[in-house]
Number of protein chains: 2
Amino acid sequence: MENNTRLKLIEVATELFALKGFAAVSVRELTVAAQINVSAISYYFNGKEGLYEAVLIEQLSPILQTIGEVQKNDSTSPVAQLTLYANQIAHIHALRPLISRFIYSEVTNPTEYGAPIIEKHLSQVYQFIDATLREGIARGYIREDLNITYAAVSLVGILNFYFIAKPFVSKLFPLPEHADSESEYVAHAFRIYLHGIMNSEA
Amino acid sequence: MENNTRLKLIEVATELFALKGFAAVSVRELTVAAQINVSAISYYFNGKEGLYEAVLIEQLSPILQTIGEVQKNDSTSPVAQLTLYANQIAHIHALRPLISRFIYSEVTNPTEYGAPIIEKHLSQVYQFIDATLREGIARGYIREDLNITYAAVSLVGILNFYFIAKPFVSKLFPLPEHADSESEYVAHAFRIYLHGIMNSEA
DNA sequence: GTCTATATTGCGATAGAC
DNA sequence: GTCTATCGCAATATAGAC
């Protein structure tokens, strides 16, 4: 296995960076956890920053893919597209359980290498939601008095907040721990949101 | 002015810790920005950690106060109480524009001194929302098929996410910059949420 | 591709003068 | 209460042997 070291390093770094943040993790800590040599970080990633960048890119990769898939279905109604998007959110968090750690960490305390990566990905998300809400209003499904930007932020907030709050809230309340609590939450939250923005109800 | 140094240190530390996170800020950086001497941090706060703790306590102070005030109005309806809470959220963010930075930063990457402070404050918030939602269901205002924990997380998420996303989203979309955009957002988001959880509508 | 050994820099904290 | 000077340590990075 030639690039085993590289993979092990990515794996360990993903967990440690997610848990403690970039600045709080030392290269020694990483190499001890990965049971490899210090110099491997420079050898494979050209330093700690390069390793972090690689982790971040790998973590965020499902986002653009997902938005692309949802946008292919632009023949369906805006409401169906938003529903599809919500389902994909649950899917992303199941695929990358630590993704929200990285995103929020970068949004609150941006690093110079992380900021452009995050920006590239999240702008795609906002543009999709913005356009879909506009179309929903134009077609009469969604209330006209919505401020689109606020409504877009509301949607991202209500769908994603759970995943950041989860380890914290589960200390206070016993949270459902079964396999698909992610999609259960997302379905629940999206129902509240959709109910809240729709013009009328069937 | 005897404790001017202390105040200046709190002020500068609040901004730098909010912007870069605890681990990424050095004591030298703080003392240069505050135009004071390195040793003042140990003298006043017994080190960098003590300074961070002091900043955190001061930042979070409006939370418990707010929850206390809202709970005094327990004679009004649960819906009115939730509305009051939403208004207080806007108020808190206006008072402490950086509070969400500290909270999210501690939730994603907890420090050993910050974690107990955050936990103490946020558990109060969740307990209040949980109890109020329960009462709203019992009195028939709110849909019975809500999962209370999910609905509580949804409320916190939809109300607060904006304040973390704001500096980021405003790069993508021009956000309203007028004096009271905080309460405008909160009112907007809360309307979506309330609309989404209510049993019927007047 | 992996190792040891080390260079270099910056960190947080404090002793002791004023 | 504020300063300078410095201690001791841990950080990242890399040169060079294997």
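Lettering of chains follows the sequences in order, A, B, ..., and the numbering in each one begins at 1. We use all heavy atoms of the structure for the numbers below, so side chains are in, but hydrogens, waters and symmetry mates are not.
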Peer 1: Give the rounded distance in Å between these two atoms: NZ of A:Lys48 and P of C:dG10.
Peer 2: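 These atoms are roughly 15 Å apart.
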Peer 1: Rounded to whole angstroms, how far apart are CZ on A:Phe45 and C1' on C:dG1?
Peer 2: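 After rounding, the gap between these two atoms is 14 Å.
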Peer 1: Nearest whole Å is fine: how far is D:dT4 C1' from B:Ile36 CD1?
Peer 2: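 B:Ile36 atom CD1 is separated from D:dT4 atom C1' by 14 Å.
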Peer 1: Tell me: CZ of B:Arg6 to C1' of D:dT2, nearest whole Å?
Peer 2: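 About 17 Å, once rounded to whole Å.
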Peer 1: Tell me, do B:Tyr150 and A:Glu184 make a side-chain contact under 4.5 Å, heavy atoms counted?
Peer 2: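 They are in side-chain contact.
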Peer 1: What nucleotide among D:dA13, C:dC3, D:dT12 has an atom nearest to a side-chain atom of A:Ser39?
Peer 2: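 Output: C:dC3.
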Peer 1: Can you identify which nucleotide, out of D:dA11, D:dT2, D:dT6, has its nearest atom closest to the B:Tyr44 side chain?
Peer 2: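 Nearest to the side chain of B:Tyr44 among the choices is D:dT2.
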Peer 1: Centroid separation under 6.0 Å, is that true for the rings of B:Phe17 and B:Tyr52?
Peer 2: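 Yes: the rings meet the under 6.0 Å criterion.
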Peer 1: Quick one: is B:Thr5 getting a side-chain N or O under 4.0 Å of the D:dT2 phosphate, OP1 or OP2?
Peer 2: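 Yes, B:Thr5 has a side-chain N/O under 4.0 Å of OP1/OP2 on D:dT2.
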Peer 1: In this structure, how many angstroms lie between the C1' atom of D:dC3 and the CD1 atom of B:Ile41, rounded?
Peer 2: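 Rounded to whole Å, this separation is 15 Å.
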Peer 1: Write down the distance between CD (A:Glu49) and P (D:dT12), rounded to a whole number of angstrom.
Peer 2: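 It works out to 11 Å between those atoms.
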Peer 1: Do the side chain of B:Ser26 and the base of C:dC11 come within less than 3.5 angstrom through a donor-acceptor pair of N or O atoms?
Peer 2: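 No such pair is found, so the answer is no.
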Peer 1: For C:dG1, does either OP1 or OP2 sit under 4.0 Å from a side-chain N or O belonging to A:Asn37?
Peer 2: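 Negative; the distance criterion is not met.
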Peer 1: Separation of A:Tyr52 atom OH from D:dT12 atom C1', in whole Å?
Peer 2: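 Taking OH of A:Tyr52 and C1' of D:dT12, I get 18 Å after rounding.
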Peer 1: Report the C-alpha distance between A:Ser100 and A:Asn160 in whole Å, list the side-chain angles of each, state the deciding distance to 0.1 Å, and finish with yes or no for side chain to side chain donor-acceptor pair (under 3.5 Å).
Peer 2: CA-CA 8 Å; A:Ser100 52; A:Asn160 289 284; over 6 Å; no
Peer 1: Between C:dA13 and B:Tyr43, is there an OP1 or OP2 to side-chain N/O distance shorter than 4.0 Å?
Peer 2: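 For C:dA13, neither OP1 nor OP2 has a side-chain N or O of B:Tyr43 closer than 4.0 Å.
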Peer 1: More than 12 foreign heavy atoms under 6.0 Å from CD of B:Gln88: is that the case here?
Peer 2: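 Enclosed: over 12 neighbouring heavy atoms sit under 6.0 Å from CD of B:Gln88.
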Peer 1: Whole angstroms only, please: what is the OH-C1' distance between A:Tyr113 and D:dT12?
Peer 2: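 Spelled out: OH on A:Tyr113 to C1' on D:dT12 is 12 Å.
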Peer 1: Does a sphere of radius 6.0 Å around CG in A:Asp180 hold more than 12 heavy atoms from other residues, nucleotides or ligands, not counting ones at 6.0 Å or beyond?
Peer 2: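 Yes - once you tally the heavy atoms of other residues, nucleotides and ligands closer than 6.0 Å, there are more than 12.
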